[in-house]
Trainee: 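Before anything else, here's the structure in question.
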Amino acid sequence: MNQACHLAPYRRPSFLSRRISRIVASRPRLFLDRALYFTESMRETEGLPLPLRWAKALVHVLDHVPVELSPDELLAGAFGSGRYGIFYPELDSAFLEDEGFSPEDFLLSCGDMDLARSSILPYWHGRTYQEHFYAELPPELKNLLYINGDASHPAFIVQETATVRHSLQWVLDYGKVLRRGFRGIAEEAEQKREEASPSGRQFYEAVVEICRGIRRFSERFAALAAEQALGATTEEFRKERLALAERCRRVPWEPAQSFVDALQAQWLTQMVSRMEAEYGGNISNGRMDQYLWPLYKKDLFSGVLTQQKAREYLDDLWCHLAQFVRLKPSPTGAKIYEDLAHWEFTTLGGRLASGADATNDLSFLILRSASEFPMDYPYLGVRIHRDTPAEFLREICLSTQNNGASPVLFNDETIIARQRANGATAEEARDYCGSGYSEARLINKDTYFVGATWLNLPAVLEMALHDGYCSPKPSCRTGLPTGPAEAIGSFSHLMELFRRQLLYILDMAFRQQGILERLRPLHIASPLLSCLHDLCMKHGVDMSVGVVPEGRSIGGFLGIIGFATVVDSLAAIDTLVFRQKKLTLPELLDILAVNFEGHEDVRQLCLNSPKYGNRIPWVDDIGRRIDRLLLTRARNEVNSYGGRGEIFYVPVKAHIAMGRVSGATADGRFAGNNFSFGVTPSHLVRTLGPTVSLSSETAVQNPDIPSLGARVMFSTLLPGQICGAAGVETLMSLLQTWCRQPHWFLRFQILTPAELTVLRNSPYEYNSLFLNVPGLNSQGYSFPSAAFSCKCPLQKAR
């Protein structure tokens, strides 16, 4: 039976439509209140253990930060009617007085800046994680990471992200909140505190403090709702506000009793988590169709809930997500997360811990709700496996057909197998959540969340070609001295030099990651996240200490940027220089140094050289060799907490930032253009068929090294390829084929006729398509990026 057929038509109420329009039209403002009250508390609690200080500071924020409740909100939990981003002074304060910082870009008044400069910034000067990290760096790492040793001007060769956010992406155990409430968690902490060690008692004290603080925070919204009920002009609104007031007095302190209770508890928990810390890509929503399903089913069966009403509350939740944006006043953060990038991953489908299919009626409802929501919220992902019901696959394909793009797709067959190969039980592996942009989390098993580092792979190739120099820092050697290009006599020689440079840069990247791991527990704590993690509660340990007994500390994540750009560049060099001998290597490098100016004929030769994504075995073999080198080196790296390093191909927006400061490349890319995206080919394959590029991606993998690093793959489709019922069946068949191959992540994007015309005339515009993806478009607001470096092609003369 097709469950999608039982979805009732949805009519969005006018008040929700008005709210959505207001959010879209608003410019985001930097919200300073969290910073003010957090700083007040931290100033007063010096000398206490950091987890307890953090809990007290967060509770002080919850007790004093101004809260609002607009008449068109169904769920409580906002700091205004427009969009806003939290300022975290413990991360960003060193940059607020930077010459390039403009208060107007963040809707800050003179009074706001005076408040920041008098009451916030002085305390954090010299105390931030970033400043401590910079002070600990040896000269060779400063040379690699920054321009002229200036921490506000990243070189984007190796780029750490740990100091521009509190942690990697993460997922909270919302199901625990719904089942037990924070009252149950606080009672558990009080019981454990009696028998704990001194450090354990301090941890459990922090847990009790944060749980009670959340209760008072929710009661503040209850008071607002009750006040609005007194002034209501209609009986319907009065009843709605009284019900909201009663709900906020109960949840999330008490267990949720209804579907609407659950949504309210989930959002307030998520809201507080965003005030506790800035997680990579924002905190994720977890497996919503699983932890909400029992209450949804009960309410629907009893008649207290309809699909229409459920959709209205989901719309309201998506609005709250859209209001709470990431604003980064630091130069590095602005470049990595420009245009309000966000990934509050919402996971649907997949398998239950028992192994059975997890799809239910709520999976269909949330998929339809998110697909039809007019903003790119939430960031929606669907887990696919061999037994995913055909009707759910069809609903995914219909969504793709209607929206011009699919939700992001996770391959359960691959991810579950790799989770098990990395220490998870079968039950744990099947219950993974999508997290951040494309990662997978075991929410009560994983314990590593130091921010990742990204590596500019095309810069490493430049080092191999230019005796250790690269275009992001053309006047300063950042790699090994391996000799001039004139001495490179064969392609195998070039690959050996590339291998040596890559291993050297990997060593440097993991060294700086080790420094970050060592320093992080001195600056950051996570009492809320920790109280929702089974192992932290069991052992009385805050997650931020790094080592949690029985936890899995897989990490030291290193993101590879420009994979296809490098594979295609190496293939072009092999073709034009060593196979066809149309150019010498110095001649080609001279042409790249002038950005192909006056040499369009050579650029066309580069563009038309064999490319990754066309399933050309010798080209794919170049990629496979690079991938193996990366994975082998990472798996031999033991991080500070005893876990193994990981390679992942998730660019966020680093492929833009790194491409912008890099010179022309031998694949035909102009200086300053984007690098390739994840493991997606840089160009449309000649057949314009997705199966070819997927086959190439399979060929470059090394399945005997079961990495947990995500591999992001996009597949473009022609407008006519999925038209009508036949197109949906074709797409379903393609999904089933993809699921049987060892892929991790896939998203389909349907080209518009205008995009197709542009690409036929200028194939390298393909990379720019990946700005228009969930979490990457700006909803009409362009984040300031004046601090970006100009394109700087590498000059041959030194």
Side-chain angles (χ1 to χ4, degrees), residues 3-4 7 10 74-75 77 169-179 251-252 255-256 258-271 273-274 279 281-300 305 307 309-322 324 342-353 357-373 376-384 388 392 395-396 399 407-410 412 430-436 439-444 532 774-775:
Q3 298 176 62
L7 291 177
Y10 174 62
L74 299 176
L75 300 171
Q169 34 63 36
W170 207 260
V171 187
L172 299 178
D173 190 347
Y174 299 107
K176 189 177 299 177
V177 176
L178 305 188
R179 293 188 305 271
V251 298
S258 69
F259 176 75
V260 177
D261 274 4
L263 288 181
Q264 181 65 73
Q266 194 266 19
W267 173 245
L268 283 177
T269 302
Q270 184 176 161
M271 187 184 188
S273 78
R274 295 184 185 215
Y279 300 98
N282 294 334
I283 200 76
S284 293
N285 286 315
R287 303 188 71 182
M288 288 190 73
D289 61 345
Q290 303 307 306
Y291 62 76
L292 294 174
W293 169 240
L295 292 170
Y296 174 79
K297 179 173 60 173
K298 175 181 72 71
D299 288 358
L300 207 63
L305 182 72
Q307 288 184 5
K309 188 58 69 174
R311 291 273 314 254
E312 290 175 13
Y313 276 94
L314 287 171
D315 266 6
D316 193 76
L317 178 60
W318 311 151
C319 284
H320 279 296
L321 293 173
F324 224 133
H342 65 92
W343 301 285
E344 55 295 305
F345 205 112
T346 303
T347 309
L348 302 179
R351 292 191 184 275
L352 300 172
D357 173 62
T359 311
N360 56 46
D361 288 355
L362 189 55
S363 310
F364 285 84
L365 187 78
I366 295 176
L367 175 59
R368 184 75 62 87
S369 170
S371 299
E372 294 179 355
F373 191 69
D376 68 327
Y377 292 85
Y379 183 59
L380 185 64
V382 181
R383 289 176 45 179
I384 306 294
T388 296
F392 195 49
E395 185 71 8
I396 294 166
S399 171
V408 299
L409 307 172
F410 271 24
D412 269 13
R430 294 175 188 135
D431 198 30
Y432 78 87
C433 297
S435 180
E439 290 73 50
R441 282 287 179 198
L442 305 185
I443 59 177
N444 284 302
L532 295 177

Trainee: Between Leu321 and Tyr379, is there a side-chain heavy-atom distance shorter than 4.5 Å?
Mentor: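 Not in contact.
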Trainee: State, yes or no, whether a side-chain contact exists between Asp431 and Leu352 at a heavy-atom distance under 4.5 Å.
Mentor: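 No, side chains not in contact.
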Trainee: Residues two or more places apart in sequence or in another chain: which of them pass salt bridge (charged side-chain N to carboxylate O under 4.0 Å, His left out) with Lys309?
Mentor: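 For Lys309, the residues satisfying salt bridge (charged side-chain N to carboxylate O under 4.0 Å, His left out) (neighbours in sequence not counted) are Glu312.
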Trainee: So which heavy atom on Gly436 is nearest to which on Trp343, and how close?
Mentor: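 Distance-wise, the nearest heavy atoms are O-CB, 3.1 Å.
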Trainee: Does some side-chain heavy atom of Ser435 sit less than 4.5 Å from a side-chain heavy atom of Tyr279?
Mentor: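 The answer is no; the side chains never approach within 4.5 Å.
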Trainee: OG1 of Thr359 to CZ of Phe364: how many Å apart, nearest 0.5 Å?
Mentor: 6.5 Å
Trainee: So, Glu344 and Ser284: side-chain donor and acceptor under 3.5 Å apart, yes or no?
Mentor: no
Trainee: For the atom pair CG (Leu7) and CZ (Arg368), what is the distance rounded to the nearest 0.5 Å?
Mentor: 4.5 Å
Trainee: Give, for atom CG of Leu300 and atom CH2 of Trp293, the distance between the pair rounded to the nearest 0.5 Å.
Mentor: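 Answer rounded to 0.5 Å: 8.0 Å.
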Trainee: Excluding sequence neighbours, so at least two apart, what forms side chain to side chain donor-acceptor pair (under 3.5 Å) with Asp289?
Mentor: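 Counting only residues at least two positions away or on another chain, Asp289 forms a side chain to side chain donor-acceptor pair (under 3.5 Å) with Ser363.
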Trainee: Please determine whether side chain to side chain contact (heavy atoms under 4.5 Å, CB included) holds for the pair Gln270 and Tyr174, giving the CA-CA distance in whole Å, both sets of side-chain angles, and the decisive distance to 0.1 Å.
Mentor: CA-CA 9 Å; Gln270 184 176 161; Tyr174 299 107; 3.8 Å; yes
Trainee: Applying side-chain contact (heavy atoms from CB on, under 4.5 Å), can you list everything that pairs with Ser399, at least two apart in sequence or on another chain?
Mentor: Ser371, Asn403, Pro407
Trainee: Which residue is it: Leu362, Leu380, Thr347, Leu317? I am looking for the one with a side-chain contact (heavy atoms from CB on, under 4.5 Å) to Met288.
Mentor: Leu317
Trainee: Mind listing the closest non-hydrogen atom pair of Gly434 and Val171 along with its distance?
Mentor: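 Shortest heavy-atom contact: O-CG2, 3.7 Å.
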Trainee: For Gln290, check side chain to side chain donor-acceptor pair (under 3.5 Å) against everything at least two apart and list the hits.
Mentor: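 Once residues adjacent in sequence are excluded, Gln290 has no partner under the side chain to side chain donor-acceptor pair (under 3.5 Å) criterion.
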Trainee: For Ala310, which residues count as a side-chain contact (heavy atoms from CB on, under 4.5 Å) partner, sequence neighbours excluded?
Mentor: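 Phe259, Tyr296, Leu305, Leu365.
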Trainee: List in chain and number order the residues that pass salt bridge (charged side-chain N to carboxylate O under 4.0 Å, His left out) with Arg430, two or more places apart in sequence or in another chain; answer none if no residue qualifies.
Mentor: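 Residues passing salt bridge (charged side-chain N to carboxylate O under 4.0 Å, His left out) with Arg430: none at all.
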Trainee: Partners of Asp315 by side chain to side chain donor-acceptor pair (under 3.5 Å), sequence neighbours excluded?
Mentor: Tyr10, Arg12
Trainee: Should Val382 and Phe392 count as side-chain neighbours, where that means a heavy-atom distance under 4.5 Å?
Mentor: yes
Trainee: Of all residues at least two apart in sequence or in a different chain, which pass the salt bridge (charged side-chain N to carboxylate O under 4.0 Å, His left out) check with Arg351?
Mentor: Asp387, Glu413
Trainee: Compare every heavy atom of Cys433 with every heavy atom of Gly286, then report the nearest pair and how far apart it is.
Mentor: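 Heavy-atom minimum between the residues: CA-SG, 4.3 Å.
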Trainee: Quick one: does His320's side chain have a donor or acceptor within less than 3.5 Å of a partner on Trp267's backbone?
Mentor: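 Looks like no, no N/O pair under 3.5 Å.
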Trainee: Run the side chain to side chain contact (heavy atoms under 4.5 Å, CB included) test on Asn444 and Asp173 for me, step by step, so that the C-alpha distance in whole Å, both residues' side-chain angles and the decisive distance to 0.1 Å come before the verdict.
Mentor: CA-CA 8 Å; Asn444 284 302; Asp173 190 347; 3.1 Å; yes
Trainee: Test Ile396 against Ile384 for side chain to side chain contact (heavy atoms under 4.5 Å, CB included), laying out the working first.
Mentor: CA-CA 10 Å; Ile396 294 166; Ile384 306 294; 3.6 Å; yes
Trainee: Can you tell me if Asp357 uses its side chain to pair, donor with acceptor, with the backbone of Thr388 under 3.5 Å?
Mentor: no
Trainee: Working to the nearest 0.5 angstrom, can you tell me the gap between Leu268 CG and Leu75 CG?
Mentor: 8.5 Å
Trainee: Checking Leu295 against Ser258 for the side chain to side chain contact (heavy atoms under 4.5 Å, CB included) test, could you report, in this order, the C-alpha distance in whole Å, the side-chain angles of both residues, the deciding distance, and whether it holds?
Mentor: CA-CA 5 Å; Leu295 292 170; Ser258 69; 5.7 Å; no
Trainee: Can you see whether Arg311 engages Gln307 through a side-chain donor-acceptor pair at a distance of less than 3.5 angstrom?
Mentor: no
Trainee: For Tyr313, what residues pass the ring-ring contact (aromatic ring centres under 6.0 Å, His included) criterion, not counting sequence neighbours?
Mentor: none
Trainee: Once side chain to side chain donor-acceptor pair (under 3.5 Å) is applied, do any residues pair with Ser369, and if so which ones, sequence neighbours excluded?
Mentor: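 Here the qualifying residues are Trp318.
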Trainee: Supply the atom-to-atom distance Gln266 CD to Leu172 CG, rounded to the nearest 0.5 angstrom.
Mentor: 8.5 Å
Trainee: Over all heavy atoms of both residues, which pair between Asp261 and Val251 is shortest? Give the atoms and the distance, please.
Mentor: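 Where Asp261 meets Val251 most closely, the heavy atoms are O-CG2, 3.8 Å.
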Trainee: Under 3.5 Å, side chain of Arg274 to main-chain N/O of Phe324, donor-acceptor pair present?
Mentor: yes
Trainee: Kindly write out the residues that satisfy ring-ring contact (aromatic ring centres under 6.0 Å, His included) with Tyr432, not counting sequence neighbours, or none if the list is empty.
Mentor: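 None.
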Trainee: List for me each residue that meets side-chain contact (heavy atoms from CB on, under 4.5 Å) alongside Ala322, sequence neighbours excluded, and say none if there are none.
Mentor: Ile23, Met375, Tyr377
Trainee: Could you tell me whether the side chain of Arg287 and the main chain of Leu292 form a donor-acceptor pair under 3.5 Å?
Mentor: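 No, Arg287 side chain to Leu292 backbone: no donor-acceptor pair under 3.5 Å.
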Trainee: Between Arg383 and Phe410, is there a side-chain heavy-atom distance shorter than 4.5 Å?
Mentor: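 Side-chain contact under 4.5 Å: yes.
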